[in-house]
Structure formats: C-alpha cells, structure tokens
Amino acid sequence: QEEKSIPEMAVQANYQTKVTGEYDMSLPSMKFIIDTRNGEFSDDTFILPLSATLSGYTLSVDWGDGETSDFTDGMTLNQANMTHTYATPGEYTITLYTTQKDRTKVQMPKLSFSRNYQNVNNNPLKLVILVTPLLNMGTDLSDCFYNCTNLTHIPERLFENNKEATDFSGCFSDCYRLYRFEQIPAGLFENNKKATDFSRCFSGCGFRYIPERLFENNKEATDFSSCFNGCYELNPIANIFCNEATEKGSRFAGKQMNFNSCFQNCGKDTDGNGTLPALWDYTIEPNSSHGYCFTGANATNIDKVLEGWK
C-alpha cells in the first residue's frame with residue numbers, strides 16, 4: 001500500500017491531520033458566539049467578516065457545529081469562502097486558530113462587521129458575545145463591531161494582543177445592547193499604549209458605568225470626539241482619563257486634543273448622579289477642539305461646565 005505523507009503546512013496548522021483527528025490546541029485562538037436567528041428567524045448562515053489575502057500564517061475555523069474550514073497562507077478570503085451554512089438556525093461558538101504563534105505579529109485579518117458583508121442577511125446582528133481576547137489584527141481596529149446591536153458581552157483585556165493598534169474609532173459604535181453588561185470592562189485598553197484615536201468608540205452604546213482610568217495608559221491618544229456621544233444610560237465619572245486630583249495639569253499638556261461632542265447627551269436618561277471629567281480645568285493646547293463636548297449631558301457638575309464646552 002502506498003504511503004501518504006501529510007503536508008508540513010497542514011501539520012503546522014490547526015487541521016484535522018488524518019493521523020489523530022484532533023486539533024493542535026497549543027495554537028493561538030479566539031472565540032465568539034453568534035446567533036443566526038438574529039438576522040431572520042429561519043436564517044441558517046453566518047459570514048465571517050474577513051476580507052484579505054493571508055500572508056505569513058494559516059487560519060483554521062471551527063464553526064461550532066462539528067464543521068471546520070482551513071485557509072492556507074496566500075489564500076484570499078471573500079464572501080464565498082467566508083460563508084457557512086448551518087443545518088439548524090441557532091447559537092454557535094466559533095473558534096479561530098492561527099499558525100502565527102508570535103503574538104507581536106499580525107495573526108489574522110481585521111474582523112470588520114461594519115465593512116465586510118454588512119448588508120448580507122443582517123450579518124452584524126448575529127454577533128452576541130465576544131468570549132476571549134482577540135488575536136493580533138494589526139494597527140487599525142476602527143469600526144470592528146460597529147452596529148453589532150445584539151452584542152451583549154466583551155471580556156476584560158479584549159485587545160491585549162493588539163499592542164500596535166492605533167485606531168479604535170467607532171469600534172463599538174451603536175452596540176446599544178451592551179447595557180446588559182452594565183460596565184465597560186476594566187483594563188480594556190490597558191495594553192494599547194500606541195492608540196491615538198478613540199473617536200466614536202462607544203457612541204450610542206448602552207453601558208451604564210465606566211471604570212476609573214479607562215484611558216490612563218493611552219497617553220498618545222488625542223482624538224476623543226463623540227467617544228461617548230449618545231450614551232444616554234451612562235453615569236460618567238471624573239477619573240476616566242487620569243487621577244484628576246493630581247494630573248489635570250499634565251495629562252493633556254502640550255497636545256492638540258479633539259473633544260468635540262465627547263460626552264454629548266451622556267447620561268441624558270439617568271438620575272444625574274454621575275460626575276463629568278472637568279476637562280475645562282485641564283491644561284490643553286489653546287487650539288484644541290471641544291465644541292458641544294458636554295451638550296445635553298446629565299451629571300452632578302453640569303452647572304460647572306464652562307462656555308465653549310457645551
């Protein structure tokens with residue numbers, strides 16, 4: 001009988017190798033949960049929102065129903081090969097594996113529910129839970145989960161593998177069902193010291209609480225425009241950027257900041273017991289932008305907001 005060898009790439013990847021039929025669980029991975037019925041009740045499909053040509057690694061997808069797909073280095077991901085059909089509509093846990101074990105390098109293309117196949121079968125509505133931290137997706141994480149209106153949970157340190165990321169603009173914009181999670185996870189951006197843009201990051205979200213010093217490690221960030229715009233249920237806190245008691249004079253000193261509409265309508269539907277960060281007392285460059293920053297906001301210190309900030 002002819003002896004058949006297994007290609008080296010198939011062994012390196014997370015494939016069922018025909019030797020053990022098992023996965024290499026040592027490979028880096030990430031998990032999230034989808035519900036196909038959030039598109040239409042009878043919908044049995046999901047489109048993994050990746051669109052790129054793989055370079056330097058191989059991806060393997062466990063669709064959560066016993067089916068797997070393998071995408072080798074050099075393959076182009078598109079709507080056809082990213083679409084999976086389930087035998088029964090419902091909730092499934094999807095796991096992605098990558099052969100790129102060096103977490104300082106890109107391990108997979110950017111998940112972009114807002115830009116890739118967003119108009120097909122209401123695909124963004126099917127994401128319900130992010131279970132684990134993301135794999136390294138590079139520098140641009142803008143609009144990753146924009147309009148994922150049924151997303152109800154994100155884990156702490158979601159971005160811990162994305163240390164080179166600079167752009168988080170619109171990342172969770174309009175994820176209004178995150179109200180079920182109550183609070184933005186502490187340490188969410190702790191490892192993202194190169195981040196510069198948080199514009200629209202949480203606009204229209206349903207969170208009720210912000211952890212103290214959420215952006216403490218993001219010293220390079222200069223754009224917070226509309227970051228919490230339309231977060232009607234949010235009770236703001238003073239120390240979101242730093243310890244106000246000791247760092248007002250240094251946190252943004254020498255930087256041209258953009259706080260336009262940052263907290264506009266924040267806390268509109270709350271009892272007003274939150275406390276806005278006193279940005280009007282911080283040291284910032286004179287040509288920084290802060291129009292409508294606190295317009296329509298509801299908090300204990302709203303009466304102290306200076307003209308030009310509201």
Side-chain angles (χ1 to χ4, degrees), residues 139-142 159 162-173 183-205 207-231 234-268 270 272-310:
T139 61
D140 179 11
L141 301 187
S142 64
F159 304 110
N162 291 271
K163 295 180 180 179
E164 298 298 313
T166 58
D167 191 350
F168 289 90
S169 61
C171 193
F172 297 104
S173 183
Q183 177 171 304
I184 297 172
L188 185 61
F189 303 114
E190 186 175 292
N191 293 307
N192 309 115
K193 297 180 180 180
K194 295 184 179 181
T196 60
D197 191 347
F198 287 100
S199 62
R200 302 180 299 105
C201 187
F202 297 107
S203 63
C205 273
F207 285 116
R208 289 189 171 95
Y209 304 102
I210 311 174
E212 288 208 346
R213 306 182 189 183
L214 176 64
F215 299 116
E216 182 176 39
N217 287 353
N218 312 119
K219 298 294 199 297
E220 299 300 315
T222 57
D223 193 346
F224 290 95
S225 59
S226 293
C227 187
F228 298 103
N229 189 350
C231 293
L234 186 62
N235 285 284
I237 61 170
N239 294 328
I240 183 174
F241 299 107
C242 62
N243 182 350
E244 284 202 340
T246 59
E247 298 180 75
K248 281 183 183 178
S250 59
R251 178 63 175 89
F252 301 119
K255 298 177 181 177
Q256 184 174 346
M257 303 298 300
N258 186 349
F259 288 113
N260 287 337
S261 301
C262 184
F263 293 94
Q264 187 170 4
N265 292 321
C266 182
K268 179 181 177 182
T270 67
N273 287 331
T275 304
L276 297 166
L279 293 174
W280 57 90
D281 284 339
Y282 281 58
T283 299
I284 60 174
E285 286 295 297
N287 56 350
S288 294
S289 303
H290 44 74
Y292 305 101
C293 184
F294 299 106
T295 300
N298 186 22
T300 58
N301 57 341
I302 188 64
D303 59 327
K304 297 180 180 179
V305 177
L306 299 181
E307 290 299 324
W309 287 86
K310 60 182 179 180

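For the side-chain contact (heavy atoms from CB on, under 4.5 Å) criterion with F189, the lone passing option out of I184, N217, N162, L214 is L214. Residue F198 is tested with F224, F241, F159 for a ring pair (Phe, Tyr, Trp, His ring centres under 6.0 Å); the sole match is F224.
A donor-acceptor pair is defined here as one N or O able to donate and one able to accept, closer than 3.5 Å; no such pair exists between the side chain of H290 and the backbone of N258. In this structure, the side chain of S142 does not engage the main chain of D167 through any donor-acceptor pair within 3.5 Å. The main-chain N or O of E216 is found under 3.5 Å from a side-chain atom of K219 such that the two form a donor-acceptor pair. Not a single donor-acceptor pair under 3.5 Å links the side chain of S173 to the backbone N or O of G170. Looking only at distances, a side-chain donor or acceptor of N298 sits under 3.5 Å from a matching main-chain atom of G267. A donor-acceptor distance shorter than 3.5 angstrom exists from the side chain of E244 to the backbone of A278, with no hydrogens or angles considered. Formation of a donor-acceptor pair under 3.5 Å by the N229 side chain with backbone atoms of F263 is not found in this model.
A pairwise comparison of heavy atoms in C293 and L279 identifies SG-CD1, 4.1 Å as the closest pair. Closest approach of L234 and Y209 over heavy atoms only: CD1-N, 3.6 Å. Here the closest heavy-atom approach between residue I210 and residue I237 is recorded as O-CD1, 3.2 Å. Annotation for A299 and L276: closest pair CB-CG, 3.6 Å, computed over non-hydrogen atoms. A165 and L141 get closest at one heavy-atom pair: CB-CD1, 3.9 Å.
Considering only heavy atoms from C-beta on, Q256 stays 4.5 Å or farther from T222 through its side chain. The shortest side-chain heavy-atom distance between F202 and C227 falls under the 4.5 Å cut-off.
Note: Q264 CD to F228 CZ = 14.5 Å, rounded to the nearest 0.5 Å. Going from atom SG of C242 over to atom CD of E212 covers 10.5 Å, rounded to the nearest 0.5 Å. Here L306 contributes atom CG and D281 contributes atom CG; the two are 6.5 Å apart, rounded to the nearest 0.5 Å. Separating the OG1 atom in T275 from the CD1 atom in I302 is a distance of 11.0 Å, to the nearest 0.5 Å. In this structure, CG in N287 is found 12.0 Å from CE in M257, a value given to the nearest 0.5 Å. Separation of atoms SG (C231) and NZ (K268) is listed at 13.0 Å; rounding is to 0.5 Å.
Aromatic pair W309/Y292: centroids not less than 6.0 angstrom apart. Remark: aromatic rings of F172 and F207 are distant, center separation not under 6.0 Å.
Enclosure of atom NZ in K255 by more than 12 non-hydrogen atoms of other residues, nucleotides or ligands within 6.0 angstrom is indicated. Under a cut-off of 6.0 angstrom, the local environment of CD in E220 is sparse, with at most 12 non-hydrogen atoms contributed by other residues, nucleotides or ligands.
A donor atom on one side chain and an acceptor atom on the other are not found under 3.5 Å apart for Y282 and E247. Side-chain contact check for S226 and S199: no donor-acceptor pair (N or O, by modelled atom type) lies under 3.5 Å.
Taking the six-membered ring where tryptophan is involved, the planes of F259 and F252 are perpendicular, since the angle between them exceeds 60° and thus also 30°.
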